[in-house]
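Handing you a structure now.
Note on naming: letters A, B, ... go to the chains in the order of the sequence lines (proteins, then strands), and numbering restarts at 1 for each one.
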Amino acid sequence: MIRHQIEKLIAEAIRAAQEAGEIPAAGAPEPLVERPQRPEHGDYASSLPLRLARAAGMNPLELARVIAGRVPTGGAIAAVDTAPPGFINVRLSPEWLASQVDEIVQQREAFGDVALGEGKRLQVEFVSANPVGPIHVGNGRGLALGDTLARVLKAAGFEIQREYLVNDAGTQTETFAATLYARYQQLFGREAEIPEGGYPGEYMIEIAEQLKQDRGDSLLRSPGEPYPPELHDLGVARMVDGIKGDLAAIGVEYDNWFSERSLYKDGTYEKAMALLRERGCIAQREGAVWFVSSSLGEEKDNVLVRSTGQPTYFASDISYHYDKFLLRGFDRVVDVWGADHQGHVPRMKAAIAALGVDPDNLTIIIYQLVTLKRGAETVRLSKRAGEIITLREVIDEVGADAVRFNFVARAADSHMDFDLELAKRQSQENPVYYVQYAHARIAGILAQASDRIEDWSAGDLSLLAHEAELALIRKMLRLPELVEAIAISLEPHQLPYYAVELATAFHDFYEKCRVLSDDEALSMARLKLVSAAQLVLARTLSLMGMSAPERM
RNA sequence: GCCCCCGUAGCUCAACGGACAGAGCAUCUGCCUUCUAAGCAGAGGGUUGCAGGUUCGAGUCCUGCCGGGGGCACCA
């Protein structure tokens, strides 16, 4: 990656200048180079002299000149300049830029990949909504974040597993089952009330009807008796199928569906608790079992097992992470949680550490909750209250690509408003179409070209010298840098912004440079360029899980 | 009360401690006999919530205040 090469050259220039005694020895802070906002500042810039000036006891501009003078030009680098108050500006050579089109065309779908993960096994767990209702709009954010992260991390060289934790062991699915049983009984003409805190949604009736179809009245018990355990399991299985369908509608596929209950069945829970006990992190008090996180710097202790003998969600989650790290041996785990779980983060980290796992190997991404609006009115989301706005409904209205684009475009810690009316109204004016249109336009050009020119692989790239052509190439070359940056920061919202910039660069080129013309040599060079642009657009879209249409 | 997050253009949001704070939507003005006008060119629109501080340099870091969201259970 050219960026790394430039960083290396600057680091070497500093070292050489220090050895020559031109500047005093001092450590160089990272990062070495950045992308300047203004094109006149070159392709890469370094503000290192400004930060080094004090320690070196030198004028920053003078320092910049000394360092810049030791960076060799030629090849990829056309010029290394300095600018007040102490910047070093590096400019890439147009010839080199043009030649990179071949690199992209050769790498094809692999362009954008970077070797960062080194095949380390990394799990991304996201959504994991309780299987008591369909996926709603609010979950869309975690979904877009998690899936996009998984895609980017894979491109960055990690071995990725997407996991969904099915909470099938808690009180929520019991209430769910009780509700389902009530609906089921109603289908046989029995008087049955939905329990307190149950789920009044229509979908429960549908599941009950399916059960009746498949099982007839075999799940019915004498009046007053509780529902059979089988009904719980069948209901949850149905719900999980429904959730899988919701997720498929937006193009998300998990590698693993992990049953919370399996932790209790196969002894994982016991093993995790035994390990905590061994480490002296457990106390018995007031009839309950506590995790003594206060001794680990936490504000207070937390209950693991209630006085009723029921383990808490916290205990369950500890054994779940015990399973991830110690049993399945993931090198890193990324959990994507909504802000309503934010308070759970420090104690989870403490618990991980108590299990002997480096807490840095667990990254918990907290995304702020989505405020759903219908115009000026705020819509309250609740599975228990009447109104649920399902993700499916929004996808049907706005389209899966636009939904994904909108959710992933917001930084996780920004509080976002999702206006249903606006989303529908803007679905035709959505930036996602702007990006896809660029891809479709290229497909149109390539289709026409194939009538006239059979093979443009011999196109002479040195003919690409127009500003718009070079600007497009510059944008394309940023993709690997972006993949690397996102794999480190875990902030995928950069991707949609990049996609728009890339499309802008193409549309601008399209206005200024005609691809198919009488000049056959130039046509061939430009066909190569747009083929490359199409590859990069498609890759960018695919990193966000969006389609790249050939025609619009 | 304590903890976490946010406050940037009319709206929705970007901005790796760096150079003149940027996009989309909305508003206004132009551009289709030539590869897709779902496009392009241009205009207006900002005291980055307020007040201090650190720094060569602050939307970004620190302190206080104001406003909003979330959390502080033997819920998940």
Looking only at atom P, what distance separates B:rA58 and B:rA51, rounded to whole Å? 16 Å
Residues in residues 496-522 of chain A with a heavy atom under 4.0 Å of RNA chain B, by number, are A:Y497, A:H507, A:D508, A:Y510, A:E511, A:C513, A:R514, A:V515, A:L516
Of all the nucleotides listed (B:rC35, B:rA38, B:rC13), which has the minimum atom distance to the side chain of A:Q448? B:rC35
Interatomic distance at C1', B:rG45 relative to B:rC25, whole Å: 14 Å
Using a 4.0 Å heavy-atom cut-off, does A:D451 contact any base of the nucleic acid, only the sugar-phosphate backbone, or nothing at all? nothing
Would you indicate what A:E260 reaches in the nucleic acid, counting non-hydrogen atoms under 4.0 angstrom: base, sugar-phosphate, or nothing? nothing
With A:Y497 via ring pair (Phe, Tyr, Trp, His ring centres under 6.0 Å) - residues at least two apart: none
Syn or anti for B:rC6, taking syn as within 90° of 0? anti
Without decimals, in angstroms, what is the distance between A:N406 CG and B:rA14 C1'? 14 Å
Run the numbers on A:D81 and A:H41 for side chain to side chain donor-acceptor pair (under 3.5 Å), then give the verdict. CA-CA 9 Å; A:D81 304 316; A:H41 295 142; over 6 Å; no
Between A:R38 and A:H341, which has a closest nucleotide on RNA chain B that is more 5'? A:R38
When all nucleic acid strands are considered with a 4.0 Å heavy-atom cut-off, which category describes A:A440: base, sugar-phosphate, or nothing? base
Among B:rA76, B:rG70, B:rA19, the one nearest any side-chain atom of A:D340 is B:rG70
So A:E491, base contact, sugar-phosphate only, or nothing? Heavy-atom distance under 4.0 Å. nothing
A:R3 to A:Y44, cation-pi by 6.0 Å centre distance and 45° axis angle: no
Write down the distance between OH (A:Y367) and C1' (B:rC13), rounded to a whole number of angstrom. 19 Å
Distance below 4.0 Å between A:Q494 side-chain N/O and B:rA15 OP1 or OP2: yes
Going by salt bridge (charged side-chain N to carboxylate O under 4.0 Å, His left out), name the residues that satisfy it together with A:D413, two or more places apart in sequence or in a different chain. none
Over how many whole Å does the gap from A:Y313 atom OH to B:rC74 atom P extend? 16 Å
A:F126: partners by ring pair (Phe, Tyr, Trp, His ring centres under 6.0 Å), with sequence neighbours left out: A:Y254
Give every residue pair that meets the side chain to side chain donor-acceptor pair (under 3.5 Å) criterion with at least one member in residues 444-453 of chain A, sequence neighbours excluded. none
Residues that A:K373 engages under salt bridge (charged side-chain N to carboxylate O under 4.0 Å, His left out), provided they are two or more places apart: A:D417
Given the rule in the side chain to side chain donor-acceptor pair (under 3.5 Å) test, do A:D168 and A:T173 qualify, once you have shown the distances and angles that lead to the verdict? CA-CA 6 Å; A:D168 52 5; A:T173 51; over 6 Å; no
My understanding is that only residues two or more places apart in sequence, or in another chain, count here; which of them pass salt bridge (charged side-chain N to carboxylate O under 4.0 Å, His left out) with A:K324? A:E125, A:D335
Mind checking the C1' distance from B:rA37 to B:rU33? Whole angstroms is fine. 15 Å
Taken in chain and number order and not counting sequence neighbours, the residues that satisfy ring pair (Phe, Tyr, Trp, His ring centres under 6.0 Å) with A:F418 are A:F407
Calculate the interatomic distance between A:D419 atom CG and B:rC11 atom P; express it in whole Å. 13 Å
Ignoring hydrogens and angles, state whether a donor on the side chain of A:D317 or A:H344 is under 3.5 Å from an acceptor on the partner side chain. yes
For B:rG53 versus B:rG17, give the span between their P atoms, rounded off to a whole number of Å. 24 Å
Side-chain N or O of A:H493 versus OP1/OP2 of B:rA15: is the shortest distance under 4.0 Å? yes
Going by modelled atom types, is there a donor-acceptor pair between the base of B:rC35 and the side chain of A:R441 at under 3.5 Å? no
Rounded distance in Å - CG (A:L420) to P (B:rC11): 19 Å
Per the side-chain contact (heavy atoms from CB on, under 4.5 Å) rule, which among A:V80, A:V90, A:I88 passes with A:V71? A:V80
Give the rounded distance in Å between these two atoms: CH2 of A:W290 and P of B:rA73. 10 Å
Side-chain atoms of residues 488-495 of chain A: list all donor-acceptor pairs with protein atoms under 3.5 Å, sequence neighbours left out, distances to 0.1 Å.
from: A:S489; atom 1: OG; to: A:A485; atom 2: O; distance (Å): 3.1
from: A:S489; atom 1: OG; to: A:E491; atom 2: N; distance (Å): 3.2

Any idea which of B:rC25, B:rC35, B:rG70 is nearest the A:I445 side chain? B:rC35
Looking only at atom P, what distance separates B:rA26 and B:rG64, rounded to whole Å? 43 Å
Nearest-nucleotide pick for A:V303, side chain only, options being B:rC74, B:rG18, B:rA76: B:rC74
Can you list the stems that RNA chain B is part of, where a stem is at least 3 pairs in a row, each Watson-Crick or G-U, with both distances below 3.5 Å? B:1-7 with B:66-72, B:10-13 with B:22-25, B:27-31 with B:39-43, B:49-53 with B:61-65
Once salt bridge (charged side-chain N to carboxylate O under 4.0 Å, His left out) is applied, do any residues pair with A:E501, and if so which ones, sequence neighbours excluded? A:K475, A:R478
B:rC74 base / A:S307 side chain donor-acceptor hit below 3.5 Å: yes
Would you kindly compare A:Y44 and A:A411 by the position of their nearest RNA chain B nucleotide and give the one closer to the 5′ end? A:A411
Does A:A45 reach a base, just sugar-phosphate, or nothing at all? Heavy atoms under 4.0 Å. base
Heavy atoms only, 4.0 Å cut-off, all strands: where does A:Q436 land among base, sugar-phosphate and nothing? nothing
Produce a footprint string for nucleotides 2-8 of chain B: one letter per nucleotide, 5' end first; B if the base is under 4.0 Å from any protein heavy atom, S if only the sugar-phosphate is, - if neither. --BBS--
Given B:rA14, B:rA73, B:rA76, identify the nucleotide with an atom nearest to the side chain of A:R410. B:rA14
Taking OH from A:Y434 and P from B:rG24, how many angstroms apart are they, rounded to a whole number? 7 Å
Among B:rA76, B:rA38, B:rA19, find the nucleotide with the atom closest to the side chain of A:Q37. B:rA19
